[in-house]
Amino acid sequence: MPVLPPSFYQRPVLQVAPQLLGKKLCVKHEDGISRATIFEVEAYDGPLDLACHGARGRTPRTEVMFGPGGYWYVYFIYGMYWMLNIVTGAKDYPSAVLIRGAGEWDGPGKLTRALGITRNHNGQPAKRASGLWIEDAAVIPQKSIRRTARIGVAYAGEWAAKPYRFMLSKT
DNA sequence: GCAGTGATCATA
DNA sequence: ATGATCACTGCC
């Protein structure tokens with residue numbers, strides 16, 4: 001299946017996030033390519049969303065979120081884990097999708113650790129040449145997508161309750 | 001239920 | 001320079 005083009009990402013994050021479910025997260029390594037089916041994501045939507053890093057303004061870390069969609073935003077947290085996000089939307093509007101689960105890996109920290117994703121990927125475009133990209137797959141029917149509140153964002157006031165977490169239903 | 005672990009950023 | 005915070009995980 002083809003690599004998802006920049007135009008796929010350069011749309012509102014709430015459209016992009018559910019459409020990433022079922023797609024293949026692809027990583028190039030020494031012996032070939034790993035492909036993992038994305039089954040859980042979260043949307044972070046712009047300057048008003050208090051859970052979104054971009055809501056606190058431009059900083060060196062969040063700079064890539066303010067660029068156009070289609071680039072990786074990878075950051076380090078809790079002294080141990082890398083979080084993998086794909087930037088979405090238009091330039092100057094900070095939004096991204098956190099990839100929380102793919103393949104056999106349940107949890108965003110475990111996923112990046114298993115796939116060897118680090119700061120090296122931060123700011124890179126999601127294309128083959130970067131060694132990290134996403135390939136298209138069959139569309140997932142609406143009824144097999146579950147929405148809940150996001151994890152670990154209790155500090156975000158009313159934004160914490162927004163149903164911005166999207167998961168493939170089991171079964 | 002909570003400790004570990006260190007980059008990041010606001011404050012000074 | 002300092003200290004609070006943190007989009008997590010694993011062990012209690």
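No hydrogens, no waters, no symmetry mates; every other heavy atom, side chains included, goes into these values. Keep in mind the model is a prediction, meaning the values are calculated, not measured. Convention: sequence-line order gives letters A, B, ...; per-chain numbering from 1.
- Protein chain A contacts DNA chain C from C:dC6 to C:dG10, reading 5' to 3' and using non-hydrogen atoms of the protein with a distance under 4.0 Å.
- Annotation: cation-pi geometry not satisfied between A:Arg61 and A:Phe76 (NZ/CZ under 6.0 angstrom from ring centroid, within 45° of ring axis).
- Minimum heavy-atom separation, A:Arg128 to A:Val3: NE-CG2, 3.9 Å.
- Both A:Cys52 and A:Arg113 sit near DNA chain C, but only A:Cys52 has its closest nucleotide nearer the 5' end.
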* **side chain to side chain donor-acceptor pair (under 3.5 Å) assessment of A:Lys23 paired with A:Thr37** => CA-CA 6 Å; A:Lys23 303 283 191 278; A:Thr37 303; over 6 Å; no
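- Contact annotation for A:Phe76: backbone-only contact, meaning every heavy-atom pair under 4.0 Å involves sugar-phosphate atoms and none involves a base.
- The aromatic rings of A:His53 and A:Tyr73 stand perpendicular to each other, their planes meeting at an angle above 60°, with 30° marking the opposite boundary.
- Using a 4.0 Å heavy-atom distance criterion, A:Arg150 is classed as making no nucleic acid contact.
- Side-chain contact of A:Ser95 with A:Thr88: a donor-acceptor pair under 3.5 Å is present, judged by distance alone.
- Within 4.0 Å of A:Arg58, counting heavy atoms only, lies no atom of the nucleic acid at all.
- As judged by a 4.0 angstrom heavy-atom cut-off over every strand, A:Gly109 is placed among residues touching the sugar-phosphate backbone only.
- Looking at heavy-atom distances under 4.0 Å, A:Arg165 makes no contact with the nucleic acid at all.
- Toward the 5' end of DNA chain B, the nearer of the two residues A:Tyr81 and A:Arg119, judged by each one's closest nucleotide, is A:Tyr81.
- For the residue pair A:Ser130/A:His121, the side-chain donor-acceptor check at 3.5 Å is not satisfied.
- Seen from the ring of A:Phe8, A:Arg11 counts as a face-on cation partner, given the 6.0 Å and 45° thresholds.
- By the rule that hydrophobic residues join a cluster once side-chain heavy atoms approach within less than 4.5 Å of another member, A:Ile77 and A:Val64 end up as members of one cluster.
- Contacts between chain A and DNA chain B, taken as any atom within less than 4.0 angstrom of a protein heavy atom, begin and end at B:dG4 to B:dC9.
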* **Pairing string, 5' to 3', for DNA chain C - Watson-Crick or wobble contacts under 3.5 Å, brackets [ ] where pairs cross, | to another strand** => ||||||.||||.
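- A single hydrophobic cluster is not seen to contain both A:Met65 and A:Val13; linkage of ILVMFWY side chains at heavy-atom distances under 4.5 Å, directly or through other members, places them apart.
- Counting only N and O atoms by type, the side chains of A:Tyr93 and A:Asp45 include a donor and acceptor under 3.5 Å apart.
- Residue A:Met80 is classed as a base contact, given a heavy-atom separation below 4.0 Å to a base.
- Counting only distance, with no hydrogens or angles, the side chain of A:Thr62 and the backbone of A:Gly57 share a donor-acceptor pair below 3.5 Å.
- Residues A:Ile77 and A:Thr59 both approach DNA chain B. Their nearest nucleotides, taken by heavy-atom distance, put A:Ile77 toward the 5′ side.
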